[in-house]
Amino acid sequence: RRPQPPPPDIPAVDPDVRGTTTIREQLDKHRSDQTCAACHAKFDPPGFALENFDVIGGWRTRYRHSGETGDLPNHADFPGAPMKMKFESFHYGLPVDASGTNADGRVFKDIVAFKRILLAEEETIARNLISRLVLYATGAPVSFADRAQVERILTASRASGYGLRTIIHGVVQSAMFRRK
């Protein structure tokens, strides 16, 4: 499901984030506004779980910043980097905190624990994957009339543990794929 758009009578909010040093602290201040808290309770936790990944998908255990405080990186932090590469362009900052609590109250400490929470609902994940594959393959979303076909694909893929190959075969062989 897509998140609901913000209510029409809610203007853009620029919270006072003075004194914050991390994204988490900025979001905590933003969530202190009750009009923002309900939506952020739904979409902040997955973002927190992904905090160990930097902007290009690299793994990090500490934030980086361009200030003059904190530890300087060294060559051992970047295996494969050329020896002549300089590492004074940034400093290491605070440790990454990838923990959080889902809107339903389930707590996780990192991305691995977050994945376990998601995988507890294998059928939901598989149903969403089928919907996304149909949309990608046909250019049209799954409609109400297609729900029975989605359920047939789910049932057929259950025995394989919702294996990707089984799901793809089910989508390609379905009337949704052949007739849309």
Side-chain angles (χ1 to χ4, degrees), residues 1-8 10 12 22-24 26-28 30-31 36-64 76-82 95-180:
R1 274 185 266 163
R2 293 175 187 240
Q4 295 296 317
I10 304 297
T22 66
I23 297 291
R24 185 178 292 267
Q26 291 176 14
L27 288 170
D28 285 343
H30 185 69
R31 279 193 310 270
C36 303
C39 292
H40 277 270
K42 295 175 189 169
F43 56 73
D44 284 354
F48 292 151
L50 296 169
E51 274 296 295
N52 281 114
F53 298 99
D54 65 17
V55 296
I56 59 170
W59 186 260
R60 62 183 177 183
T61 57
R62 293 171 66 186
Y63 292 103
R64 298 177 181 179
D77 295 335
F78 299 92
V96 171
D97 178 6
S99 65
T101 305
N102 282 341
D104 62 9
R106 293 182 287 177
V107 177
F108 58 89
K109 67 179 175 95
D110 56 20
I111 187 67
V112 174
F114 185 72
K115 285 181 183 180
R116 282 191 196 111
I117 289 171
L118 292 179
L119 289 174
E121 301 174 28
E122 276 185 307
E123 189 168 300
T124 302
I125 300 288
R127 181 177 286 111
N128 187 47
L129 176 61
I130 291 166
S131 296
R132 299 298 160 203
L133 285 172
V134 169
L135 177 61
Y136 180 76
T138 67
V142 172
S143 67
F144 182 79
D146 301 327
R147 286 178 26 187
Q149 292 177 76
V150 169
E151 292 305 315
R152 278 195 292 278
I153 296 168
L154 272 174
T155 301
S157 65
R158 190 173 292 127
S160 72
Y162 303 106
L164 183 58
R165 181 182 304 227
T166 307
I167 289 174
I168 290 173
H169 281 250
V171 169
V172 171
Q173 294 168 358
S174 72
M176 293 181 292
F177 179 79
R178 291 179 289 143
R179 295 194 181 120
K180 277 192 179 199

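Quick note: residue numbers are just sequence positions, from 1. All of these numbers come straight from a predicted model, not from anything done at the bench.
Interatomic distance, CG of D110 versus NZ of K115, reported as 10.0 Å (0.5 Å rounding). Rounding to the nearest 0.5 Å gives a distance of 10.5 Å between CZ of R147 and OG of S131. Note that the CD1 atom of I130 and the CD1 atom of I168 stand 11.0 Å from one another [nearest 0.5 Å]. In this structure, CD1 in I117 is found 7.5 Å from CG in D104, a value given to the nearest 0.5 Å. Taking CE of M176 as the reference point, atom CD of Q149 lies at 5.0 Å (rounded to 0.5 Å). Separating the CG atom in L133 from the CD1 atom in I167 is a distance of 7.5 Å, to the nearest 0.5 Å.
Annotation: side chain of L154 is in contact with side chain of Y162 (closest heavy-atom distance under 4.5 Å). F114 places a side-chain heavy atom less than 4.5 Å from the side chain of N102. Put simply, the side chain of V134 does not reach to within 4.5 Å of the side chain of F177, judged on heavy atoms.
Across all their heavy atoms, V96 and Y63 have their closest contact at CA-CE1, 3.7 Å. Nearest heavy-atom pair, N52 versus A98, reported as atom, atom and distance to 0.1 Å: OD1-CB, 3.3 Å. Of all heavy-atom pairs between S143 and K180, the closest is N-NZ, 4.1 Å. Contact between L135 and P141 at its shortest, heavy atoms only, is CD1-N, 3.6 Å. F53 approaches R60 most closely through the heavy-atom pair O-NH2, 3.6 Å. Closest heavy-atom contact between I153 and S174: CD1-CB, 4.2 Å.
The number of heavy atoms from other shown groups lying within 6.0 Å of CZ (R165) does not exceed 12. Counting non-hydrogen atoms of other residues, nucleotides and ligands closer than 6.0 Å to OH of Y136 gives a total of 12 or fewer.
Cation-pi geometry between R116 and F108 is not met at under 6.0 angstrom from the ring centre and within 45 degrees of the axis.
Although no hydrogens or angles enter the test, the distance criterion places a donor-acceptor pair under 3.5 Å between the side chain of R24 and the main chain of D97. Of the possible donor and acceptor atoms, none in the side chain of R31 sits under 3.5 Å from a partner among the backbone N and O of C36.
For R158 and E123, the salt-bridge test passes: some basic side-chain N is under 4.0 Å from an acidic carboxylate O.
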